[in-house]
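One structure is given below, encoded as structure tokens.
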Amino acid sequence: MASHSQHEHHVPSVAHYVGVFLALMVLTAATVGVASMDLGRLNTIVALSVAGFKAFLVMYIFMELRHAPSLTRLAALSGVVFLAIMLIMIGQDYGARTVLHDPPNWGKTLPIDQNAPAAAATPAPAAAPAPAH
Amino acid sequence: MATHATTPNAHSDDHHHAHPPGFAHQFEDIGQQLDSTTLGMWVFLAQEIMFFGGLFCGYSIYRSLMPAGFEAASNHLNVPLGFANTVVLIASSLTMALAVRAAMLGDNKWVLRWLVGTLILGCMFLGVKIIEYSDKFEHHLVPGYNFQWANAAEAPGAQMFYVFYFTMTGMHALHMVIGAGLLLYFIYKASKNTYHPQYFGPIENMGLYWHFVDIVWIFLFPLLYLLGYHLGKGH
């Protein structure tokens with residue numbers, strides 16, 4: 001970080017930017033094309049993969065992470081990592097709440113005991129004896 | 001160009017290099033200033049990722065709970081308009097990137113032109129959004145008391161889809177409006193020949209913000225508009 005006196009800025013080439021723009025256009029058109037077909041779960045996987053790649057292109061080229069200092073790249077990456085942590089952990093939580101997938105049971109307290117039938121939605125011991133006031 | 005006169009003290013000559021215009025004196029040099037402001041902007045954007053991430057997370061959960069209603073409701077969105085807006089927004093990212101490049105070269109005339117182009121494209125995007133929103137009002141697709149959906153089984157999921165549609169595209173549009181306001185400020189600054197090869201950090205940060213808003217749309221378009229596209233024309 002010491003040699004800043006003659007800070008070398010990489011001035012990006014116009015051709016580079018136009019190329020990325022065209023790539024983003026092609027990928028957008030491809031997304032629409034794939035979405036018009038019914039591929040089941042694959043629809044979402046393809047759509048998110050292409051969108052992720054487009055986001056990477058924008059961040060890496062347009063947002064100049066390509067020439068950014070490591071610290072800046074780390075800050076950019078941290079946003080993505082924390083997003084992944086949030087989505088994965090919340091996804092696991094909701095994926096495990098089987099009762100939630102049964103609309104009549106929405107909002108009811110889950111039985112803690114795995115062996116207990118879900119129907120026995122007794123006022124779960126979640127509200128463990130609260131510390132006496 | 002006259003040297004900047006923010007330092008009344010004559011000892012500024014003691015520094016081993018002259019202070020270029022736009023230099024803030026808490027920094028070691030202009031390079032450190034640029035790195036610091038860029039880093040700060042990215043930290044802000046990390047926070048923005050988490051903000052929109054929460055909305056995407058809620059969308060994913062409710063979509064997994066009410067898949068049929070979500071797909072049917074998505075199929076009512078106008079894909080050609082959404083596609084057109086995607087093209088417009090990506091084009092505005094290109095003009096924004098070119099504005100930053102012009103600022104790096106100190107070419108204020110082209111900074112101004114590219115920023116005006118970006119502003120026009122941004123306003124086009126918002127204009128299309130107004131057309132789409134008014135269509136939703138006409139067809140009773142705004143969640144709440146007047147929401148109407150023919151298929152009773154799909155209705156709760158469809159309404160929930162539109163809750164997320166309006167929240168997510170609304171927050172995105174709010175970011176666009178704020179971005180347009182910032183663009184006006186930078187257009188003014190560029191018209192005053194503010195930027196030069198040593199000082200272009202603010203324009204660069206404006207670009208980072210604009211590109212981030214573009215990225216949000218890159219995810220919103222497939223998740224909202226294309227989710228039910230395979231069901232055939234519903235519009």
Side-chain angles (χ1 to χ4, degrees), chain A residues 1 3-14 17-18 20-21 24-25 28-29 31-32 34-39 43-44 46-48 50-52 54-55 58-59 61-65 68-69 71-80 82-83 86-87 90-91 94-95 100-101 103 106, chain B residues 16-17 28-32 34-35 38-43 45-50 52-54 56-57 60-61 64-66 79 83 86-87 90-91 93-94 96-98 100-101 104-105 156 197-198 200 204 207-208 210-212 214-215 218-219 221-223 225-227 229-232:
Chain A
M1 296 281 278
S3 61
H4 269 133
S5 34
Q6 277 311 97
H7 205 70
E8 279 300 313
H9 299 301
H10 177 92
V11 177
S13 75
V14 176
Y17 281 164
V18 173
V20 169
F21 169 74
L24 290 171
M25 290 289 100
T28 306
T31 313
V32 176
V34 172
S36 65
M37 298 177 271
D38 190 356
L39 304 174
N43 271 108
T44 304
V46 171
L48 285 180
V50 176
K54 285 164 72 181
V58 173
M59 288 172 79
I61 309 291
F62 281 170
M63 297 171 95
E64 286 295 337
L65 279 183
L71 188 58
T72 305
R73 290 187 187 192
L74 187 65
L77 186 66
S78 74
V80 179
F82 279 109
L83 177 66
M86 178 169 75
L87 293 178
I90 294 180
Y94 275 86
L100 265 178
H101 291 275
W106 286 0
Chain B
H16 55 281
H17 57 86
E28 283 290 319
D29 55 37
I30 197 82
Q32 192 212 6
L34 181 69
D35 288 350
T38 307
L39 177 64
M41 192 65 199
W42 272 106
V43 171
L45 290 184
Q47 174 275 134
E48 288 275 81
I49 290 173
M50 295 307 283
F52 278 100
F56 280 105
C57 196
S60 309
I61 290 163
S64 71
L65 293 175
M66 310 153 141
V79 172
F83 179 75
T86 308
V87 173
I90 293 176
S93 258
L94 175 65
M96 187 70 236
L98 291 171
V100 175
R101 181 179 178 277
M104 286 176 175
L105 297 170
Q198 290 281 287
F200 55 84
E204 192 177 49
L208 290 178
W210 196 262
H211 296 313
F212 168 78
D214 186 21
I215 288 175
I218 283 174
F219 283 97
F221 175 59
L223 288 179
Y225 289 75
L226 299 179
L227 168 61
Y229 191 45
H230 61 87
L231 296 176

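Side chains included, hydrogens not; waters and symmetry mates left out as well; all remaining heavy atoms used. Letters go in sequence order (proteins before strands), and every chain restarts at 1.
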Exercise. Over all heavy atoms of both residues, which pair between B:Ala46 and A:Gly79 is shortest? Give the atoms and the distance, please.
Key: CB-CA, 3.8 Å
Self-check item: Exercise: identify the closest heavy-atom pair between B:Ala91 and A:Phe21
Solution: CA-CE1, 3.4 Å
Quiz prompt | Closest non-hydrogen atom pair between A:Pro69 and B:Asp35, with its separation | solution = CG-OD1, 3.8 Å
Quiz prompt | Heavy-atom closest pair, residues B:Trp42 and A:Met59 | solution = CZ3-CE, 3.8 Å
Quiz item: Among B:Gly54, B:Pro156, B:Ser93, B:Gly40, who wins on heavy-atom pairs under 4.5 Å with chain A?
Solution: B:Ser93
Quiz item: Would you say the side chain of B:Thr86 lies within less than 4.5 Å of the side chain of A:Leu24, judging by non-hydrogen atoms?
Solution: no
Practice problem: Measure across A:Val18 and B:Leu94 and return the closest heavy-atom pair with its distance rounded to 0.1 Å. | Solution: N-CD1, 4.0 Å
Quiz prompt | Pick from A:Val20, A:Thr28, A:Leu39, A:Leu77 with the largest number of heavy-atom pairs that fall under 4.5 Å of chain B | solution = A:Thr28
Self-check item: Contact winner vs chain A - B:Cys57, B:Pro222, B:Ala97, heavy-atom pairs under 4.5 Å
Solution: B:Ala97
Exercise. Under 4.5 Å heavy-atom distance to chain B, tell me which part of A:Ile90 shows up: side chain, backbone, both or neither.
Key: side chain
Quiz prompt | Portion of A:Leu65 that has a non-hydrogen atom of chain B nearer than 4.5 angstrom | solution = side chain
Self-check item: Reported CG-to-OH distance for the pair B:Leu65 and A:Tyr94, which is rounded to 0.5 angstrom
Solution: 8.0 Å
Quiz item: Looking at B:Asp214, B:Leu98, B:Val100, which makes the most heavy-atom pairs under 4.5 Å with chain A?
Solution: B:Leu98
Self-check item: Heavy-atom proximity to chain A below 4.5 Å, by part of B:Leu226
Solution: both
Quiz item: Residues two or more places apart in sequence or in another chain: which of them pass ring-ring contact (aromatic ring centres under 6.0 Å, His included) with A:Tyr17?
Solution: A:Phe62
Quiz item: In terms of heavy-atom proximity below 4.5 Å to chain B, should A:Met63 be classed as side chain, backbone, both, or neither?
Solution: both
Quiz item: Relative to chain B, which of A:Ala29, A:Ala55, A:Ala47 shows the most heavy atom pairs under 4.5 Å?
Solution: A:Ala55
Self-check item: Side chain, backbone, both or neither of B:Leu45 within contact of chain A (heavy atoms, under 4.5 Å)
Solution: side chain
Practice problem: Could you grab the distance from atom CG of B:Leu227 to atom CG of A:Asn43, nearest 0.5 Å is fine? | Solution: 8.5 Å
Practice problem: With sequence neighbours excluded, tell me which residues meet ring-ring contact (aromatic ring centres under 6.0 Å, His included) with B:Tyr225. | Solution: B:Trp217, B:Phe221
Quiz item: Side chains of B:Phe56 and A:Met86: closer than 4.5 Å at any heavy-atom pair?
Solution: no
Quiz item: Where on B:Ile218 is there a heavy atom nearer than 4.5 Å to chain A: the side chain, the backbone, both, or neither?
Solution: both
Self-check item: chain A contact via B:Ser60 - which portion, at a heavy-atom distance below 4.5 Å
Solution: neither
Quiz item: Checking side chain to side chain contact (heavy atoms under 4.5 Å, CB included) for the pair B:Phe212/A:Val58: CA distance, chi angles, key distance, verdict?
Solution: CA-CA 8 Å; B:Phe212 168 78; A:Val58 173; over 6 Å; no
Quiz item: Minimum heavy-atom separation for B:Gly53 to A:Leu83, with atom names?
Solution: CA-CD1, 3.4 Å
